[in-house]
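Bear in mind the structure is a predicted one, so any value in this text is a computation, not a measurement. Just so it is clear: chains get the letters A, B, ... in the order the sequence lines come, proteins before strands, and each one is counted from 1. Side chains are part of it too, since the values below use all heavy atoms of this structure and drop only hydrogens, waters and symmetry mates.
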2 protein chains.
Amino acid sequence: MSARQVTLAEVAKQAGVSLATASRVLNGSTRQVSEELSDRVLRTAEQLGYVPNASAQALARNSSSLVGLVVHDITDPYFSCIAAGVTRVAEEAGLVVVLGTTGRRPEREVELLSTLRAHRARAVVLAGSRTTDRVAQSRLAAEIDAFTEQGGRVACVSQAKLGTDTVVPGNRAGGRALARSLAELGHKKFAVLGGPSELVVARDRLAGFKAGLADAGVAPPVVINGAFTRDGGYEAALQLLSSKSRVTCVFAVTDVMAMGAMAALRERGVRVPEDMSIAGFDDIPTLRDTVPALSTVRLPLEQMGEIAAGLVLDAGGDEARTVRVAGEVVLRASTAHN
Amino acid sequence: MSARQVTLAEVAKQAGVSLATASRVLNGSTRQVSEELSDRVLRTAEQLGYVPNASAQALARNSSSLVGLVVHDITDPYFSCIAAGVTRVAEEAGLVVVLGTTGRRPEREVELLSTLRAHRARAVVLAGSRTTDRVAQSRLAAEIDAFTEQGGRVACVSQAKLGTDTVVPGNRAGGRALARSLAELGHKKFAVLGGPSELVVARDRLAGFKAGLADAGVAPPVVINGAFTRDGGYEAALQLLSSKSRVTCVFAVTDVMAMGAMAALRERGVRVPEDMSIAGFDDIPTLRDTVPALSTVRLPLEQMGEIAAGLVLDAGGDEARTVRVAGEVVLRASTAHN
DNA sequence: GCGTGGCGGGAAAGCGCTTTCCAGCGCTGC
DNA sequence: GCAGCGCTGGAAAGCGCTTTCCCGCCACGC
């Protein structure tokens with residue numbers, strides 16, 4: 001084993017041409033090569049099973065074919081959908097996706113970016129949600145600068161005041177619209193299961209929701225913060241149930257949290273939607289199969305990944321571009337009239 | 001922008017040492033360097049924000065820090081769980097994961113492997129399910145050979161007669177055990193929603209299930225084949241309902257298919273488990289939140305990813321190793337006595 | 001005192017490509 | 001007839017590292 005790899009030099013020699021010619025044939029050089037030589041090179045390359053060494057190419061060209069993708073947790077449907085979108089676009093462009101997971105640790109994000117920089121990734125999509133932690137943010141910003149200085153491009157999914165291209169879901173507007181729809185159903189007493197207070201996404205959705213309630217002349221909601229996960233939603237719901245508040249409708253700031261919350265309600269014998277209405281945010285695909293079907297604000301997750309990848313791949317100007325993606329309220333069986 | 005990248009040479013010059021010394025300091029060379037020089041190098045590297053060029057390192061060392069991961073569809077929880085396991089192990093080992101998705105097209109698998117070979121990935125985990133398509137299989141085998149020839153390692157998740165390290169879930173045994181458990185509940189008339197007949201995983205689970213029924217002295221099941229997806233399960237279930245067969249229990253060969261089937265049953269007003277019991281296979285995390293909770297055969301998906309990554313990362317002998325992972329029958333609310 | 005061996009440091013030869021630069025050649029235009 | 005041009009092919013200089021090889025130095029043992 002470990003038969004040494006076929007190199008361009010071997011192909012060239014075998015075909016009786018120079019290294020330069022072989023290189024020109026086997027890669028879309030601007031230079032023309034006569035059909036005869038070209039054929040010969042192609043044939044011998046094929047015959048020898050030649051595969052160019054990507055590292056060498058990257059080194060010589062000073063640019064690689066890697067695209068980074070940084071997510072918190074790939075098992076979370078929110079992220080895996082975005083990942084699907086990003087990989088689709090990247091693969092179509094003949095690029096290769098490097099997947100990094102942070103486990104929700106901001107410092108991991110910085111580490112990953114640095115690794116990606118080491119690999120001279122040509123672009124990175126950051127799909128983690130930004131925090132309000134000043135220190136973490138500034139370190140991240142510094143790393144992003146270093147990355148772009150080197151000629152790499154960065155795009156974020158979800159808002160980030162980081163001066164990068166960004167795909168911004170309508171978190172605030174979505175939350176607001178949802179609140180109004182729910183108020184129209186006659187609910188008067190709301191609870192919100194919010195994520196960790198330092199997450200911008202969570203804050204925006206909450207703020208939007210509050211604004212929507214205010215629009216409808218409804219009292220502000222009870223807010224319970226929990227982890228941004230299924231179990232976080234579960235815990236938060238339990239906490240809500242054990243509190244004295246008599247709410248009739250609860251909004252979990254992500255679908256994943258809402259699923260956890262529904263499990264908690266079910267366990268405690270609280271019927272959805274008869275005793276309690278519940279809604280989430282994102283419209284992850286698994287929602288189709290919950291019972292009752294969960295009301296939510298639909299975000300085109302895969303498409304968001306595609307857009308982010310698109311932004312980051314076509315050069316664009318120096319200007320940071322922002323693409324807004326609207327959320328659409330989808331009322332299903334988990335929310336009823338009150 | 002595009003301020004040229006800090007190179008080792010610059011660090012060396014700045015620190016007043018040779019290239020060799022700088023290299024030795026900044027990477028775990030076996031050679032010792034005096035503390036004084038070492039300090040100086042480290043300090044200037046830090047100060048200049050030096051990040052080694054991974055491509056150059058890969059080229060010089062003739063080995064990269066890339067690990068490939070090939071899945072059919074990253075949004076499928078089965079694969080995303082495995083992916084989580086693989087990335088965890090890879091990241092701990094300081095490696096970087098390259099994610100490739102095939103969309104269930106066998107030729108894509110070959111392409112991806114070739115790309116990974118171009119990148120001199122040091123290892124690859126193939127998480128797609130093998131098919132019985134001879135041509136596709138032999139092309140894949142050839143590509144795997146080429147990859148290993150080059151010193152890369154390959155591991156497969158799910159059985160593959162490909163001569164690679166393999167993590168083998170107990171598909172047959174799991175199917176068999178499940179069948180027996182279900183027969184014990186008193187069911188006499190079964191249906192199986194099988195995947196495409198050329199998928200080995202699907203076949204094995206089906207075969208095991210049939211064997212289990214035979215063990216219990218129950219008649220063979222009605223078999224309906226559909227796509228290996230949620231919608232495939234949905235369609236297959238509809239087909240089952242419109243057929244004349246009066247079955248009381250249905251086994252979908254994957255949880256994802258089972259979820260689709262449950263949706264179909266729900267739509268048609270067939271109550272689970274009162275009118276029909278249903279069970280799946282895999283125990284994907286989302287199962288926790290279906291109603292009724294789905295009976296299944298539990299596979300430690302994330303762990304399988306970890307094991308595969310482990311196999312592929314620690315050198316091991318030339319021998320192809322096989323790790324068997326047992327499935328455990330988990331009966332939940334979706335299956336009832338008959 | 002001098003060969004020996006161990007050790008820290010540097011020069012330089014690659015690793016497998018890309019790309020610049022130059023040589024040769026057949027044209028055109030004066 | 002020849003300067004000038006466009007075009008194809010090859011030689012060779014990198015790209016940023018790692019690693020071999022060599023050199024000088026010091027501590028030893030005889």
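- Between the C1' atom of C/dC17 and the CZ atom of B/Arg120 lies a distance of 11 Å, rounded to the nearest Å.
- Between the P atom of C/dG16 and the CG atom of B/Asn62 lies a distance of 6 Å, rounded to the nearest Å.
- Distance NZ (B/Lys13) to C1' (C/dA11): 17 Å, rounded to an integer number of Å.
- A/Glu111 pairs by the side chain to side chain contact (heavy atoms under 4.5 Å, CB included) definition with A/Glu107, A/Arg108, not counting sequence neighbours.
- Remark: A/Arg120 engages A/Gln150, B/Gln5, B/Asn53 in a side chain to side chain contact (heavy atoms under 4.5 Å, CB included) (not counting sequence neighbours).
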TODO: Could you walk me through whether A/Val154 and A/Asp165 pass the side chain to side chain contact (heavy atoms under 4.5 Å, CB included) test, one step at a time?
DONE: CA-CA 7 Å; A/Val154 178; A/Asp165 288 344; over 6 Å; no
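- For residues 79-118 of chain B, the set of pairs meeting the ring-ring contact (aromatic ring centres under 6.0 Å, His included) definition, not counting sequence neighbours, comprises B/His72-B/Phe79.
- Residue A/Asn27 has a polar side-chain atom (N or O) positioned under 4.0 Å from OP1 or OP2 of C/dT18.
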Could you list the protein-to-nucleotides 19-25 of chain D atom pairs, N/O on both sides, closer than 3.5 Å?
unit_1: D/dC21; atom_1: N4; unit_2: B/Arg31; atom_2: NH1; d: 3.4

N/O donor-acceptor pairs under 3.5 Å from side chains in residues 301-317 of chain A, not counting sequence neighbours:
unit_1: A/Glu302; atom_1: OE1; unit_2: A/Arg88; atom_2: NH2; d: 2.5
unit_1: A/Glu306; atom_1: OE2; unit_2: A/Arg88; atom_2: NH1; d: 2.2
unit_1: A/Asp314; atom_1: OD1; unit_2: A/Arg321; atom_2: NH1; d: 3.3

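- At a non-hydrogen distance threshold of 4.0 Å, A/Gln32, A/Val33, A/Ser34, A/Leu37 from residues 32-54 of chain A come into contact with DNA chain D.
- Ranked by how close their nearest DNA chain C nucleotide is to the 5' end, B/Gly16 and A/Gln57 are led by B/Gly16.
- Residue A/His119 holds its NE2 atom at 15.5 Å from CZ of A/Arg122, rounded to the nearest 0.5 Å.
- Of the inter-residue distances, the one linking B/Thr21 atom OG1 with B/Leu26 atom CG reads 10.5 Å to the nearest 0.5 angstrom.
- A straight line from CD of A/Gln5 to P of C/dC15 spans 14 Å, rounded to a whole angstrom.
- Shortest non-hydrogen contact noted between B/Ala121 and B/Ser64 is CA-OG, 3.7 Å.
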